[in-house]
Number of protein chains: 2
Amino acid sequence: MLQPVEKHSGVPAYVQIIHMIKKEILMGYLTESSRLPPVRELATIFEVNINTVLKSLDKMAQEEIVQSEQGIGYFIRKTQDVNDEAMPVLRETIRRLKTYGIGLEMTKLLIEELWRTENG
Amino acid sequence: MLQPVEKHSGVPAYVQIIHMIKKEILMGYLTESSRLPPVRELATIFEVNINTVLKSLDKMAQEEIVQSEQGIGYFIRKTQDVNDEAMPVLRETIRRLKTYGIGLEMTKLLIEELWRTENG
DNA sequence: CATAGTGTTCTATTTAATTATAACACTAAT
DNA sequence: ATTAGTGTTATAATTAAATAGAACACTATG
């Protein structure tokens with residue numbers, strides 16, 4: 001779901017844009033070879049300057065996630081596929097965490113911390 | 001685990017500092033009323049200027065997570081407690097995700113997306 | 001070949017984040 | 001009172017992020 005970035009959120013706009021596009025890919029809404037909206041339209045959607053959009057796309061091009069074609073558009077190059085079993089597991093985990101009254105920020109912090117801590 | 005911030009990581013230094021301190025609290029390494037290292041020492045640990053540390057602490061003071069005492073130090077004011085059942089659930093989920101070959105970044109993106117999506 | 005729609009490049013400006021440096025003020029202990 | 005250790009405040013300078021605006025270049029189509 002592409003939407004305006006949150007300004008002054010502590011996350012640079014160009015990073016938020018990268019995250020949103022990556023999420024679209026992960027969720028399967030953007031598939032291999034599919035075209036992104038034109039950069040000027042993306043700038044309108046995200047409510048940022050076109051240069052900020054280009055910065056995001058440049059980074060993703062470096063990661064070989066998207067690819068530009070002069071005069072045509074930006075295309076999805078690589079789709080990371082998520083293991084089929086992963087989604088139900090995550091959904092169930094999120095359901096439980098919400099039951100426990102744990103919020104998204106706390107969850108993200110805990111996961112980052114446990115990810116390092118856990119062996120494997 | 002307090003350690004140097006990552007520069008040019010796409011996350012402002014002051015935000016990284018907040019995250020690290022919050023994690024310490026969540027993991028129970030910093031408990032209610034316990035004192036943080038002196039601000040100058042924190043600046044050395046995080047490898048940033050003292051002003052950047054102060055910015056982080058100011059934000060956390062506004063959230064009522066820490067509290068300063070002039071001439072003495074900064075203290076933990078509020079510890080968010082994590083439901084006892086949550087940790088094992090998260091550990092198990094992380095173990096599985098790693099088995100599936102899913103990385104931390106992808107996990108965070110999926111969780112952010114599913115958190116919004118799921119009803120509840 | 002003209003045009004509309006696209007990406008690309010460039011320069012300048014503004015705003016946010018970070019650093020550097022210094023001085024000041026409170027607290028506890030001597 | 002003095003001192004060492006602490007937080008506080010202030011100013012200036014630097015760097016990174018974001019904006020603004022314009023011009024350029026490629027592609028497909030009529």
Side-chain angles (χ1 to χ4, degrees), chain A residues 2-22 24 30 32-78, chain B residues 2-22 24 30 32-78:
Chain A
L2 304 183
Q3 58 183 328
V5 301
E6 290 179 26
K7 314 225 164 177
H8 319 117
S9 70
V11 184
Y14 79 94
V15 174
Q16 292 184 50
I17 292 171
I18 292 173
H19 286 175
M20 279 189 269
I21 295 177
K22 283 186 174 176
E24 293 291 292
L30 286 174
E32 203 138 334
S33 300
S34 66
R35 209 196 119 193
L36 290 175
V39 291
R40 289 171 183 80
E41 193 177 322
L42 287 174
T44 302
I45 293 172
F46 295 130
E47 293 179 4
V48 298
N49 187 271
I50 183 179
N51 295 316
T52 304
V53 170
L54 289 177
K55 184 170 181 177
S56 305
L57 292 176
D58 281 352
K59 300 257 182 198
M60 283 195 286
Q62 282 167 20
E63 292 184 63
E64 299 188 331
I65 292 170
V66 301
Q67 186 173 358
S68 81
E69 299 192 18
Q70 243 291 33
I72 308 181
Y74 274 89
F75 295 84
I76 302 299
R77 183 171 175 182
K78 208 168 59 182
Chain B
L2 303 183
Q3 58 183 328
V5 301
E6 289 179 27
K7 312 223 165 179
H8 319 118
S9 68
V11 184
Y14 79 94
V15 175
Q16 291 183 50
I17 292 170
I18 292 173
H19 286 175
M20 280 189 269
I21 295 178
K22 283 186 174 177
E24 293 291 291
L30 286 174
E32 203 140 331
S33 300
S34 66
R35 208 196 119 193
L36 290 177
V39 290
R40 290 171 184 78
E41 193 177 321
L42 287 174
T44 302
I45 293 172
F46 295 130
E47 293 179 3
V48 296
N49 188 272
I50 184 178
N51 295 318
T52 305
V53 169
L54 289 176
K55 184 170 181 177
S56 304
L57 292 176
D58 280 352
K59 300 258 182 196
M60 283 194 287
Q62 282 167 20
E63 292 184 64
E64 300 188 330
I65 292 171
V66 300
Q67 185 173 359
S68 81
E69 299 193 18
Q70 243 290 32
I72 307 181
Y74 272 89
F75 295 84
I76 303 297
R77 183 170 175 182
K78 207 167 59 180

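Only this structure's heavy atoms are used, side chains among them; waters, hydrogens and symmetry mates stay out. To find a chain, count down the sequence lines: A is the first, B the second, and so on, and within it residues start at 1.
Listed by chain and number, the residues in a side chain to side chain donor-acceptor pair (under 3.5 Å) with Ser9(A) are Gln16(A) (sequence neighbours excluded). Judged as a salt bridge (charged side-chain N to carboxylate O under 4.0 Å, His left out), and not counting sequence neighbours, the contacts of Lys22(A) are Glu63(A), Glu105(B). For Glu47(B), the side chain to side chain donor-acceptor pair (under 3.5 Å) test picks out no residue, with sequence neighbours left out. Here Ser68(B) pairs with Tyr74(B) under the side chain to side chain contact (heavy atoms under 4.5 Å, CB included) rule; sequence neighbours left out. In this structure, Gln62(A) has no side chain to side chain contact (heavy atoms under 4.5 Å, CB included) partners at least two apart in sequence or on a different chain.
Put simply, CG on Leu36(A) is 16 Å from C1' on dG5(C), counting in whole angstrom units. For Arg35(A) and dG7(C), the CZ to C1' distance is 10 Å, given to the nearest whole Å. Straight-line distance from the CD atom of Gln67(A) to the P atom of dC26(D): 18 Å, rounded to whole Å. Between the CD atom of Glu41(A) and the P atom of dT6(C) there is a distance of 8 Å, given to the nearest Å. Nucleotide dG7(D) holds its P atom 9 Å from the CG atom of Leu54(B), rounded to whole Å. Rounded to an integer number of Å, the gap from OH of Tyr74(B) to C1' of dG5(D) is 15 Å.
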Annotated protein contacts, base or backbone, on nucleotides 17-30 of chain C with a non-hydrogen cut-off under 4.0 Å, one of B, S, - each: SSBBB-B--BS---
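At least one donor-acceptor pair closer than 3.5 Å links the side chain of Ser56(B) to the backbone N or O of Tyr14(B).
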